[in-house]
Structure formats: C-alpha cells, structure tokens
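Data block below; observations after.
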Amino acid sequence: MQLDSKAPGGPIETKWDRHRQDMKLVNPANKRKFNIIVVGSGLAGGSAAASLAELGYNVQCFCIQDSPRRAHSIAAQGGINAAKNYPNDGDSVFRLFYDTVKGGDFRARESNVYRLAMCSNSIIDQCAAQGVPFAREYGGGLANRSFGGAQVSRTFYARGQTGQQLLLGAYSALMRQVAAKKVTMMPRREMLDLVVVNGKARGIIVRNLITGELERHAAHAVVLCTGGYGNTYYLSTNAMACNVTAAWRCHKRGALFANPCFTQIHPTCIPVHGTYQSKLTLMSESLRNDGRVWVPKKPGDNRKPDQIPESERDYYLERKYPSFGNLVPRDVASRNAKAMCDEGKGVGLTKLAVYLDFADAIKRDGEDVIRKKYGNLFAMYEKITADDPYKTPMMIYPAIHYTMGGLWVDYNLMSNLEGLFVLGEANFSDHGANRLGASALMQGLADGYFVIPYTMGGYLGGTPLDDVDENNPAFAAAENDCKERVNTLLNIKGKRTVDDIHRELGLCMWDHCGMARNDAGLKEALDIIPKLRDEFWQNVTVPGDSGDFNQSLEKAGRVADFLEFAELLAKDALDRRESCGGHFNEAFQTEENEAQRDDENCCYAAAWEFTGVGKEPVLHKEPLTFENVHLTQRSYK
C-alpha cells in the first residue's frame with residue numbers, strides 16, 4: 001500500500017491557500033443533498049458539525065454523553081496556543097510551527113503543522129466573537145501566558161477552565177444549527193462499527209445506550225472525532241468513558257492506525273493515592289509558569305517541605321535546563337521527575353511525587369494575583385488532597401494524558417478509507433511524538449472550524465457516490481457482527497470483573513510501555529496481553545442484558561477493544577528502534593539521558609494495517625521530509 005499524504009508542493013507558506021484554490025467546490029444548493037455523520041461532540045466534533053451545517057450540509061452528530069457539553073474537551077485547563085504575538089515578544093506563525101515540530105521531536109508532517117499554525121490566529125478571533133471569556137489585560141486586550149516548549153507567551157486562557165469555555169462556544173454554534181434543523185443531535189449513542197460500501201465509508205452502527213437498541217445510520221461521509229486512547233493504561237487523566245472503540249473498529253474495517261506508541265505522559269498530575277483508584281486528576285501545565293519544581297537534594301529526606309532550607313533543595317529542571325527551566329516540554333519534565341524518584345528523592349507517602357512550589361510567586365506577586373490566575377485549580381487540588389497549595393507545595397507526578405497516535409490521515413484529514421475523515425486527537429497528524437501544552441485545543445478547533453469545511457467539499461464535489469441507504473447488505477452484516485459480539489460478552493458469565501482485567505492490563509502497560517521502555521519489558525507485555533485477552537473472553541462477567549441501560553456492557557466492549565489495541569501499541573513501541581518524544585526506549589539515549597532519535601532509519605510515520613486479532617499487523621511507512629526545519633537533537637538547555 002502506497003501512502004499518499006496529498007500534501008501540495010511549493011513554499012510551505014502558500015500550500016494551504018493553493019490547495020484550497022485547487023479543491024472542488026459544492027454549490028450551496030447541492031450541499032443540501034449531502035448527509036454527513038459526525039461522531040463525537042467535543043471541540044473537534046462540535047466545531048465540525050456546526051461548521052458543516054452552517055455551510056448547508058445535513059449533519060447527524062453522535063455522542064456518548066447526554067449532552068455535547070459533557071464531552072471530555074471540558075477537562076482541558078491551561079489554554080490554547082495562537083501566534084498573535086500580542087506580548088510583542090517575537091512570536092510568529094513560523095515560530096509556532098517550528099516549536100510544534102521541535103516539540104514533537106521531528107516526527108510530524110511539516111505541511112499539516114504549518115497549516116495548524118496558520119489557522120491558530122483565526123481560532124482566537126472565532127472564539128472571541130462567540131463570547132468565549134478569555135482572560136484580559138488591564139487595558140482590555142486578550143492576555144497571554146507561557147507554556148512548556150516555548151520561549152514566548154502565546155497561550156490564551158480562561159483561568160483553568162479554557163476547554164470548558166471553548167466547548168461552550170462550539171456548543172452554542174452547534175445548537176444554533178440544531179435549532180435551524182441542519183444538525184440532528186444523537187446523544188447517548190456509542191459507535192460500534194463503521195460501514196464500508198465499495199471501499200468508501202458510508203455509515204455507522206451505533207448502540208442506543210438507554211434502550212440497548214442497535215441502529216443503522218447512512219451518510220455520504222463519516223467524520224470521526226472521538227478523542228484518544230489513554231485509558232488503555234486504566235489510570236489516566238482521561239474521563240472514564242474515553243475509549244478507543246470507534247477508532248479501533250474503523251481500523252478493523254481497513255483504516256490504518258499510525259504511531260500508537262506515541263503516548264504522552266503529563267508531568268503535573270495529582271499522584272496515585274490508592275490501589276483501587278479509578279482515574280487521575282490533571283493539574284494544568286500552566287501552573288509551571290509560576291510554580292517551581294523541586295525535590296530534596298538528599299535521598300530519603302522525610303522532612304516536611306517548609307523544614308527543608310533552600311540550600312538543601314534541588315530545583316532540578318532549572319539546574320539541568322537553564323534556558324527553559326520549568327517550562328521544558330512535557331516528555332522532558334516527566335522523565336526527569338521519574339529519574340528523581342528513581343534516585344530516592346521522591347516525596348510523599350509513596351515517594352512517587354515531586355514538589356510544585358508557589359511560595360516564591362506568592363511572595364513576588366501576592367496571593368491575590370495567584371488566586372486570580374489559578375484559583376479554581378488550587379481549589380480542586382485542595383478538595384482532592386486536603387492540602388492548601390497557598391501554604392504548602394503541591395505534590396505532582398507524571399501520568400498518562402494525551403495520545404499523539406491515531407488513525408492515519410492525509411493532508412485533507414481523510415484516512416486511507418475514502419469518505420472517513422478523522423479530526424482532533426483521534427488522528428495522528430499534527431503533534432509528532434510529543435504534544436506541546438495548549439496545542440490540543442488548537443488542533444481540534446483548527447480541524448473543525450477551518451480545515452474540514454474545505455476538504456469535505458473537495459471530497460464530495462470530486463467523488464462519484466452511489467446511492468446507499470440503511471437497507472444496503474453491508475449495514476445488515478455490520479449490525480449482525482455487533483449483535484454477535486454483544487451476545488458473546490453477555491454469555492461468558494465468568495468470575496472476573498471487567499475492571500479487574502482492565503486494571504491488570506493498565507498495570508502491564510504502565511510498567512512495560514509507560515514513561516520508559518526497553519525491549520525485554522515490551523516483549524513481556526506482548527506475551528502478557530494475548531493471555532489476558534484470552535482470560536477476558538473466557539472468564540469475564542458482564543451482568544444484565546443488552547436490551548436496556550447497561551453500563552457494565554458498555555465498559556466490557558471498550559475493554560475488549562483495549563485488549564486488542566494494547567498489543568498493537570506495544571508492537572509499535574518495540575518496532576521503533578529509537579527514542580523520541582513520548583516514546584523513550586532505554587537502549588536509545590544520549591550520555592545525558594535524553595531521547596536519541598535515529599533520523600536515518602526512523603524518520604517516518606508508522607501506519608499499521610489490521611490483519612486479524614492476534615495476527616501480525618502489516619507496517620506501512622510514510623517518510624517524513626523536513627525542508628523548512630533542520631533535523632537536530634532537541635535541546636532545552
């Protein structure tokens with residue numbers, strides 16, 4: 001299979017403009033003849049559904065929640081990047097492009113990243129016009145703060161609720177189209193399969209989560225906006241309902257899955273505090289603007305933080321990376337926190353934590369200023385830990401957060417399956433091996449507001465499409481596959497709960513495919529996962545039946561997919577013979593213990609083809625070429 005990125009040639013600054021000019025158009029009257037399915041209602045899905053409907057297409061938008069407002073995008077806290085250069089500190093579209101490529105350790109497609117940087121400024125204009133309450137300076141202009149991986153302040157924010165406020169903006173645009181009857185909202189539905197007719201995505205099978213009924217829905221194109229797969233690890237910062245099912249079922253229908261081993265570990269999370277904890281809580285990376293990260297210099301120092309004098313503290317990020325300090329990218333900050341704990345310098349009861357200290361910022365700016373910037377985050381931390389961050393340092397530790405891998409897409413955001421578009425975190429395209437903070441919201445909204453409206457028209461205007469409805473045999477076959485899978489899950493009647501098996505899978509993945517990886521551990525994971533999958537299908541218990549509201553059944557289906565997907569993730573990690581970004585193989589590191597890439601042999605996107613559960617997948621490589629940035633060893637010193 002030949003992977004064609006469809007990225008246009010010529011100067012990178014004009015690629016997107018020329019590409020838009022060359023694409024086919026659909027005239028306004030004809031747009032009413034096309035039906036589009038959007039799966040997911042977060043920032044990518046909500047903005048895409050609203051924008052496509054605004055153009056005149058008929059849109060069905062599906063979400064597993066009872067309202068689009070509950071999409072996991074609300075959990076994003078710190079901000080959204082844009083190259084406005086309001087602080088006049090040297091930012092530009094090219095610098096945002098360069099920082100994103102460098103932050104991703106040079107494993108992203110240049111053309112997609114530059115387009116993202118180009119669209120960033122329009123996103124802020126769009127959201128401000130919608131009424132998103134961005135923080136403002138005293139004079140009324142929009143405020144900016146700095147984030148990891150950049151030396152300029154380009155992050156727009158709404159205290160620690162940026163994702164929620166941006167989602168409310170997209171939601172208002174979406175509900176306007178619902179009122180205009182151009183969008184039909186389909187809440188409490190879970191996509192269980194993709195329907196492919198003559199090689200093109202033409203619909204989906206969903207389960208109504210309230211009634212248990214399986215439904216068929218046909219369209220001229222499908223837009224997948226279902227987020228990432230971080231919950232493969234069981235403990236993550238993702239909402240409990242986040243899953244890989246929709247993307248994985250598309251993969252099993254022929255869509256290539258790219259770079260699954262690129263999983264991001266976020267450095268500022270509240271540490272694990274119990275064996276039966278179900279999820280982790282993120283503390284925004286924005287806290288690293290004013291918070292200083294440190295550990296005791298002496299291993300095993302059990303004194304309280306206020307009893308440890310300055311001379312006996314190791315501000316290790318400031319010491320090792322004087323140029324960026326506490327604002328190094330997430331993968332660098334995470335690995336260094338792990339290294340400190342491995343040396344016995346960890347703090348707290350578990351010794352798997354480091355301090356994030358605001359004493360200097362409070363002394364410098366005053367508590368009121370810090371409270372205005374981060375008040376809701378401090379309140380969240382105190383509610384969970386019973387410690388007041390205004391008086392004592394936060395304790396943080398890395399955790400699974402964002403996933404840079406996803407379904408492979410070309411420049412038009414279409415997968416190798418014609419008619420299947422993939423937006424936001426569900427695709428692989430923009431972040432390489434490591435996402436910079438505040439770039440997820442930027443990508444989701446760029447894809448939904450400013451990319452898919454053009455590329456969807458290019459596809460529908462230039463592709464002959466047969467008449468297909470829900471009576472097509474492909475829909476009946478896909479629905480039958482879903483029905484059989486559901487019945488199999490309900491009839492196993494074993495002795496282990498779904499959570500029990502999921503927790504075991506997550507521990508295996510964290511131990512062997514987490515912050516640090518090695519060949520022996522990855523091979524052990526690849527031995528454990530198939531056995532655990534067999535155990536699941538022989539000994540899991542799923543109470544209830546399929547004909548009603550059954551959250552145990554929902555969870556069982558998702559964990560069954562995690563057990564298949566996890567094997568591909570570990571396989572991809574073992575196959576990539578280098579360290580880059582979020583993928584750190586201990587065999588490939590510099591003398592200073594930094595990730596060591598192999599640009600000669602590994603400068604590619606790994607796109608895997610499904611051949612069957614438990615069977616060896618087929619690897620297709622998209623070579624990555626860098627004409628506008630030079631491949632260099634990342635340095636934040």
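No experiment lies behind these values; they were computed from the predicted model shown.
- Using modelled atom types, no side-chain atom of Glu285 and backbone atom of Gln77 make a donor-acceptor pair closer than 3.5 Å.
- With a 6.0 Å cutoff to the six-membered ring centre and a 45° limit on the axis angle, Arg20 counts as a cation-pi contact of Tyr454.
- Taking both residues in full, the closest heavy atoms of Pro68 and Cys63 are given as N-SG, 4.3 Å, listed atom of the first, atom of the second, then distance.
- A centroid separation of 6.0 Å or more is found between the aromatic rings of Phe378 and Tyr381.
- The nearest pair of heavy atoms linking Asp290 to Asp365 is OD1-OD2, 4.3 Å.
- Relative to the six-membered ring of Tyr636, Lys102 meets both conditions, a distance below 6.0 Å and an angle of at most 45° to the axis.
- With no hydrogens or angles considered, no side-chain donor-acceptor pair links Thr245 and Glu190 at under 3.5 Å.
- For Asn27 (side chain) and Asn30 (main-chain N/O), a donor-acceptor pair under 3.5 Å exists by modelled atom type.
- Salt-bridge annotation for Asp331 and Arg335: present, with a side-chain N of the basic residue lying under 4.0 Å from a carboxylate O of the acidic one.
- Contact detail for Ala607 and Trp408: the closest heavy-atom pair is CB-CD1, 4.1 Å.
- Here the side chain of Arg330 pairs no donor or acceptor atom with the backbone of Arg435 at under 3.5 angstrom.
- Between the side chain of Asn88 and the backbone N or O of Tyr86 there is no donor-acceptor pair closer than 3.5 Å.
- Between Arg154 and Asp89, no side-chain nitrogen of the basic residue sits less than 4.0 Å from a carboxylate oxygen of the acidic one, so the salt-bridge criterion is not met.
- Inspection of the Gln443 and Asn427 side chains reveals an N or O donor paired with an N or O acceptor under 3.5 Å.
- The local environment of CZ in Arg70 is sparse, with at most 12 non-hydrogen atoms from other residues, nucleotides or ligands closer than 6.0 Å.
- Distance alone, capped at 3.5 Å, places no donor-acceptor pair between the Thr463 side chain and the Leu460 backbone.
- Around CZ of Arg32, the count of heavy atoms belonging to other residues, nucleotides or ligands within 6.0 Å does not exceed 12.
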Pair Cys250-Leu407, side chain to side chain contact (heavy atoms under 4.5 Å, CB included): steps then yes or no | CA-CA 9 Å; Cys250 291; Leu407 294 184; 3.9 Å; yes
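- Within the 3.5 Å criterion, the main-chain N or O of Leu43 finds a donor-acceptor partner in the side chain of Ser73.
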Apply salt bridge (Lys or Arg N to Asp or Glu O under 4.0 Å) to the pair Asp368 and Lys372, showing each step before the final yes or no.
-> CA-CA 6 Å; Asp368 287 345; Lys372 287 177 182 177; over 6 Å; no
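- Here ring pair (Phe, Tyr, Trp, His ring centres under 6.0 Å) pairs that include residues 158-191, with residues two or more places apart or in two chains, number zero.
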Kindly indicate, with the supporting measurements, whether the criterion side chain to side chain contact (heavy atoms under 4.5 Å, CB included) is fulfilled by Leu327 and Gln151.
-> CA-CA 8 Å; Leu327 290 176; Gln151 291 177 300; over 6 Å; no
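- With values rounded to the nearest 0.5 angstrom, Leu174 atom CG is found 12.0 Å from Leu168 atom CG.
- Gln60 and Asn35 form no side-chain donor-acceptor contact under 3.5 Å, judged by distance and modelled atom types alone.
- A cation-pi arrangement is present between Arg145 and Tyr157 under the rule of less than 6.0 angstrom and at most 45 degrees off the ring axis.
- Here the two rings, on Phe257 and Phe428, have centers that are 6.0 Å apart or farther.
- The backbone N or O of Asn412 lies less than 3.5 Å from a partner atom in the side chain of Asp410, making a donor-acceptor pair.
- Of the possible donor and acceptor atoms, one in the side chain of Asn289 sits under 3.5 Å from a partner among the backbone N and O of Ser146.
- The NZ atom of Lys279 sits 6.5 Å away from the OG atom of Ser236 when rounded to the nearest 0.5 Å.
- A ring-centre distance under 6.0 Å is not found for His220 and Tyr459.
- Using a cutoff of 4.0 Å between basic side-chain nitrogens and carboxylate oxygens, Lys84 and Asp91 are not scored as salt-bridged.
- Both tests hold for Arg115 against Tyr411: distance to the six-membered ring centre under 6.0 Å, angle to the ring axis within 45°.
- With respect to Arg176 and Glu54, a salt bridge is recorded, a charged nitrogen being found less than 4.0 Å from a carboxylate O.
- Rounded to the nearest 0.5 angstrom, Met442 CE and Asn121 CG are separated by 10.0 Å.
- The shortest non-hydrogen separation linking Ala44 to Leu423 is CB-CB, 4.1 Å.
- Arg634 places no side-chain N or O within 3.5 Å of a backbone atom of Cys580 that could act as its donor or acceptor partner.
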